Amino acid sequence: MQNEFKVGGEKVEVTVAKNDEIWSLGEYSGRIVGDGRILITAADGQARFAHSAKVGDTWWVHFDGHIFCIEKTEPGSTDNDSDGGMVAPMPGKILDVKIANGDNVAAGQLLLIMEAMKMEHRIVAPSDGVIKQVNFAVGDQVQQGDVLVEMSE
Amino acid sequence: MQNEFKVGGEKVEVTVAKNDEIWSLGEYSGRIVGDGRILITAADGQARFAHSAKVGDTWWVHFDGHIFCIEKTEPGSTDNDSDGGMVAPMPGKILDVKIANGDNVAAGQLLLIMEAMKMEHRIVAPSDGVIKQVNFAVGDQVQQGDVLVEMSE
Amino acid sequence: MINTVLVANRGEIACRILRACNEAGLNSIAIYAPNDAGTLFTELASRSVRLEGETIADTYLNQQQILAIAVEYGADAIHPGFGFLSERADFAQAVIDAGINWIGPAPQAIEMMGDKMTARMTMKAAGVPVIPGEEIDSDDEAEMVAAIVESSQRVGYPLLLKASSGGGGKGMRKVEDPDELVEAIMSARREAITAFGDGRVYVERLLTGSKHVEIQILADKHGRTIHLGERECSVQRRHQKVFEESPCPVMTEGLRSRMGEAAVLAAKAVDYVGAGTVEFLLAANGEFFFLEMNTRIQVEHPVTEMVTGVDLVREQLRIAAGEPMSCGELMMRGHSIEVRLYAEDASNNFLPAIGPLAIFRAPQGPGIRLDTGVREGDLVTPNYDPMLAKLIVWAPSRSEALQRMRRALDEFVVLGTTTNIRFLRELCDNRDVVSGRTDTMLIERVWPDGWHPDYEETTLDAALMAAAISESAGLHRAVVAQAGIESGPTSPFQTLNRRYP
Amino acid sequence: MINTVLVANRGEIACRILRACNEAGLNSIAIYAPNDAGTLFTELASRSVRLEGETIADTYLNQQQILAIAVEYGADAIHPGFGFLSERADFAQAVIDAGINWIGPAPQAIEMMGDKMTARMTMKAAGVPVIPGEEIDSDDEAEMVAAIVESSQRVGYPLLLKASSGGGGKGMRKVEDPDELVEAIMSARREAITAFGDGRVYVERLLTGSKHVEIQILADKHGRTIHLGERECSVQRRHQKVFEESPCPVMTEGLRSRMGEAAVLAAKAVDYVGAGTVEFLLAANGEFFFLEMNTRIQVEHPVTEMVTGVDLVREQLRIAAGEPMSCGELMMRGHSIEVRLYAEDASNNFLPAIGPLAIFRAPQGPGIRLDTGVREGDLVTPNYDPMLAKLIVWAPSRSEALQRMRRALDEFVVLGTTTNIRFLRELCDNRDVVSGRTDTMLIERVWPDGWHPDYEETTLDAALMAAAISESAGLHRAVVAQAGIESGPTSPFQTLNRRYP
């Protein structure tokens with residue numbers, strides 16, 4: 001079966017075949033042994049357990065001590081990341097806004113400060129660009145997923 | 001909602017009412033707080049957690065350190081226990097058969113010996129009666145749930 | 001030097017050993033029967049290899065298959081755990097002959113301690129006190145009966161007949177009245193022949209009201225043999241321990257050093273290497289007598305680890321690799337108690353139970369250790385011993401350890417399979433357990449007609465309500481579908497004897 | 001006498017205290033904010049009472065509401081845990097005024113140690129060594145600047161400006177160059193006013209390359225004040241500890257008794273009662289200096305419990321009840337390490353993370369203790385501190401403890417919320433951590449550009465395959481439906497400072 005994923009910003013296609021209870025991909029084989037536990041066997045016969053859980057569209061996978069967030073995407077979908085839209089990673093409150101609509105900003109420049117989880121977070125420009133829209137003012141409550149600032153490069 | 005259960009050989013009817021997220025029964029109230037966790041509050045306001053899990057038709061409930069096996073029965077069903085049918089509680093092997101069809105037996109009399117889980121088990125007559133049918137012979141493998149001996153009182 | 005350890009066992013003790021290998025930086029190989037696929041211990045090894053076969057004889061007791069796997073995957077040591085092949089001198093020899101390290105004593109030591117009569121004679125010769133009694137020289141039925149009848153007059157009543165190859169209570173008969181003696185000898189002999197293929201029986205005085213106290217010993221290949229204090233394991237049902245603790249509540253410094261010296265003497269008498277346990281009966285008057293030596297790691301080893309701070313399994317690995325043991329002076333601190341979690345119906349003569357572990361919620365917090373081979377969702381099957389896990393607590397004092405054990409058992413929720421948790425919990429409240437007046441007959445004495453749970457009617461009412469809410473709300477349907485096996489308490493069964501796998 | 005303890009806290013420390021109450025046979029009351037309903041600690045109390053309100057200020061910091069609950073439900077003692085109200089002298093006073101036992105030191109001791117400049121002066125007067133530096137007497141901006149500029153010449157550079165009411169790094173400024181001094185003073189003062197409503201700032205020498213070493217003390221109401229050895233907590237990120245151990249790897253008998261004596265002196269100087277911690281900086285040359293005293297139980301108290309065998313929370317309960325502490329002579333054994341499990345992205349400046357704990361599989365086995373407030377299925381929300389649990393190991397030696405910690409972290413699987421588990425695991429392999437050459441700048445020194453996970457391409461390949469199998473087989477759909485909250489690593493955020501709740 002063919003699956004399209006996104007991991008670390010890159011798209012990957014992964015096709016696994018199933019024969020009896022054994023899944024295979026190239027020299028690897030895999031077997032589901034329990035709820036969220038998959039035994040992955042490498043070409044040399046070395047087998048290790050992977051753990052997986054899906055949250056939203058993302059598969060969280062633990063393998064060999066590392067954790068990967070692997071997003072399931074629909075085949076053929078286009079990359080719909082907004083160009084530089086900065087999204088609140090968690091609910092919180094805007095403490096300070098350092099820029100205004102139309103400002104030119106340099107990569108790394110401080111745009112706004114937000115408080116969440118008892119901490120202050122600096123939101124900085126990921127690249128050089130122009131501020132298209134600042135969506136919140138000082139004191140505003142923001143929800144997880146809210147786009148705080150829109151930028152064009 | 002009305003439920004019919006069997007516990008300790010006796011039938012019980014339990015009717016619980018639901019209002020918002022709170023279930024009630026007489027002076028008790030209950031609230032589901034997680035997967036298999038129910039907070040039961042007594043009349044005096046004292047609240048304790050019950051844990052429940054269903055296996056087959058039986059609810060296993062842990063409350064205040066005690067465990068109860070509460071069998072769900074269909075309303076109006078008749079008691080379909082065979083009269084004195086002795087059922088193998090686990091797979092095993094018959095080691096010895098001490099009785100034959102038609103024998104009169106007294107309560108507590110040894111009927112057969114079975115091996116299971118590395119142990120020998122004595123199957124004894126639960127009451128005085130007559131052996132109707134011995135279903136297995138020495139050396140037979142038996143499965144969980146097999147009726148070993150049928151008796152009439 | 002050891003690089004790769006094959007663990008020839010399963011369940012909680014396999015987990016224990018595999019984790020010790022991981023910590024020691026050693027590669028490990030788990031072997032598992034097909035019906036153990038996917039269980040916890042198979043996840044903890046560097047490599048898990050499936051055994052072929054259906055029965056225990058074909059899998060965990062299959063010496064050839066296990067040795068072949070060891071050779072194929074490059075194991076240079078084998079740890080047998082307890083039970084299974086751990087006390088099989090022939091297997092130890094085969095391992096050594098294959099050029100692989102045997103993590104345990106030499107086959108000769110296993111053999112000498114494995115035959116109870118030989119062990120008794122060896123100990124007597126070494127000056128270790130044994131139970132008043134007499135070895136019987138003959139294997140001929142008529143001669144044996146005559147010899148036992150004669151010696152019974154010297155030994156006195158009540159007495160105990162024991163099979164020389166015995167274990168787990170098989171071939172053992174209590175005799176209170178001289179009139180019953182001959183019949184008891186014949187019966188013990190028959191049972192011993194059936195169970196062990198060896199009908200030799202000998203006679204010992206029955207010491208009532210005594211404690212089962214055992215001494216943990218460690219011996220390395222550099223000539224050092226030490227003891228690590230005692231464990232009391234008096235509380236038993238059907239000759240199997242359920243509640244173990246260290247230190248023994250009535251132990252004194254003087255008695256400990258005398259028993260410890262006797263245990264070290266016993267170990268030296270058979271040139272013992274590795275971890276072992278010398279079991280004694282401790283009479284009410286303070287006299288102690290050699291019972292037997294277990295030439296392997298024991299189920300209850302954690303209580304010694306908790307009070308002494310020594311990692312016994314890690315020391316076994318060191319000793320097998322030819323290193324000196326790492327522990328220094330004996331430094332006992334606080335009190336530790338272990339209870340064994342069995343899948344069994346304590347209210348029905350401890351009949352083993354099976355079923356799914358629909359909920360398995362372990363207790364947590366300071367001073368608690370759970371050595372488990374199972375986890376939520378596993379199925380308890382009739383294929384193996386019903387011991388699922390061991391719950392161990394440590395606290396600064398015995399009374400605090402008992403308080404902690406009560407708290408831990410109160411937190412422990414296992415549903416879907418009948419277990420002895422409630423029995424263990426009530427055991428912790430028993431007057432004699434609380435005061436430390438435990439002896440090997442405690443359970444029979446306290447519950448002569450068997451144990452039954454005792455609860456208020458309102459507790460059942462609340463449970464019924466919980467069931468009604470669960471049913472009405474459709475909770476936990478998933479477990480139903482997953483469980484392919486019925487479970488529940490049963491009734492007309494009475495359990496006789498257990499044979500250790 | 002105490003009968004009923006109200007625990008004015010949540011999460012793992014509430015669990016810890018409630019279990020101690022259960023073991024002591026005390027009734028307990030948990031209080032919980034609406035968003036904590038159904039979490040673990042609410043199950044461990046004899047009675048759980050819901051707080052009204054949405055914010056922390058309305059719930060766990062709401063003195064009136066908490067006191068009202070204590071009175072209504074008959075609590076005769078309040079345990080504040082750490083954070084929240086634990087170092088609020090006014091709350092301690094209010095509790096005492098309500099006729100309820102305060103499980104902690106007298107309000108006066110909290111007050112004297114809460115103000116850093118006062119604490120510094122008190123310690124100096126008592127003969128406890130303090131960091132070279134000077135208190136500044138004035139609250140007036142101009143006078144303060146002038147005084148600091150003057151004393152900076154005596155203190156020397158680099159120096160550290162500290163807010164007298166400071167905590168968690170707020171109002172603290174490192175100054176390397178005299179030219180930066182005035183600006184730094186103004187900035188520190190502004191921040192301190194904003195954060196604490198108190199602009200007083202003083203000056204200390206910045207001691208680079210030093211270790212954070214703290215001494216646990218216990219004092220009862222019978223005049224006994226003892227120390228329980230040290231903890232080293234040098235490894236910190238953003239002034240918060242992540243890796244703590246006891247003993248300190250460079251500790252000597254002599255240094256321990258000198259630091260222990262200084263800590264006991266510090267405690268006695270404020271008539272301390274209960275459990276407390278005196279924090280020191282330990283310079284590379286073996287000199288040590290008073291840093292501050294924490295007048296409560298500390299997050300990292302378990303490592304002391306593991307090596308000393310003393311149950312600190314249980315002793316707190318005894319002391320508050322007026323009993324003498326139960327512990328005898330200091331008897332340290334083996335080595336213990338604690339790591340803090342945070343929901344945070346260690347590869348992005350330790351930005352806190354949220355999400356469901358879709359899988360939370362804790363490590364098990366000997367020598368491991370997990371103090372957790374969460375369990376599988378819980379949601380990590382932005383409402384509270386992101387510390388989820390503490391993983392503590394004990395082993396006979398430091399190298400074995402590190403091996404055990406590695407093994408435990410390898411077994412620990414948390415999915416659905418980003419945590420620092422991998423970071424902690426790699427920390428255990430760091431050369432300086434392995435050798436014990438830890439100091440307070442370790443994380444910045446080892447990862448000057450931030451930490452990033454390092455893995456083989458084949459590891460990602462295997463993970464992708466696992467995801468593909470999971471997706472194709474439709475595994476674990478249930479979690480998706482339950483999770484109402486998105487989670488995952490983020491990018492353009494940089495985190496500044498944390499305030500402890």
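Being a predicted model, the structure only gives us computed values, none of them experimental. All values below come from the heavy atoms of this structure, side chains included, with hydrogens, waters and symmetry mates left out. All chains are named by letter (A, B, ...) in the order of the sequence lines, taking the proteins before the strands, and each is independently numbered beginning at 1.
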message = As an exercise: rank C/V414, C/L464, C/D461 by heavy-atom pairs under 4.5 Å with chain B and give me the winner.
response = C/L464

task = Considering only heavy atoms, give the residues of residues 13-22 of chain B separated from chain C by less than 4.5 Å, sorted numerically, with 'none' for an empty result.
result = B/V14, B/V16

key: Engaged part of B/S29 at the chain C interface, taking heavy atoms whose separation is under 4.5 Å   = backbone

message = Please determine whether a side-chain nitrogen of the Lys or Arg among C/R237 and C/E344 lies less than 4.0 Å from a carboxylate oxygen of the Asp or Glu.
response = yes

inquiry  = Counting only non-hydrogen atoms closer than 4.5 Å, can you tell me which residues of residues 419-430 of chain C sit against chain B?
reply    = C/R422, C/E426

request  = Using a strict cut-off of less than 4.0 Å between a Lys/Arg side-chain nitrogen and an Asp/Glu carboxylate oxygen, indicate whether C/R173 and C/E191 qualify as a salt bridge.
outcome  = yes

query = Looking only at heavy atoms, which two atoms of B/Q109 and B/N104 are closest? And how far apart?
reply = OE1-O, 4.1 Å

note = Value for OG1 (C/T418) from CZ (C/F350), rounded to nearest 0.5 Å, stands at 13.5 Å

query = Does NZ or CZ of C/R10 come closer than 6.0 Å to the centre of the six-membered ring of C/Y384, within 45° of the ring's axis?
reply = yes

task = Pick one of side chain, backbone, both or neither for C/L460, based on which atoms fall under 4.5 Å of a heavy atom in chain B.
result = both

ask   = By a 4.5 Å heavy-atom criterion (distance strictly below it), what part of B/L25 contacts chain C: side chain, backbone, both, or neither?
value = both

ask   = When only pairs under 4.5 Å are counted, which of B/V12, B/I32, B/L111 shares the most heavy-atom pairs with chain C?
value = B/I32

Toward chain C, the part of B/F68 with a non-hydrogen atom under 4.5 Å = side chain

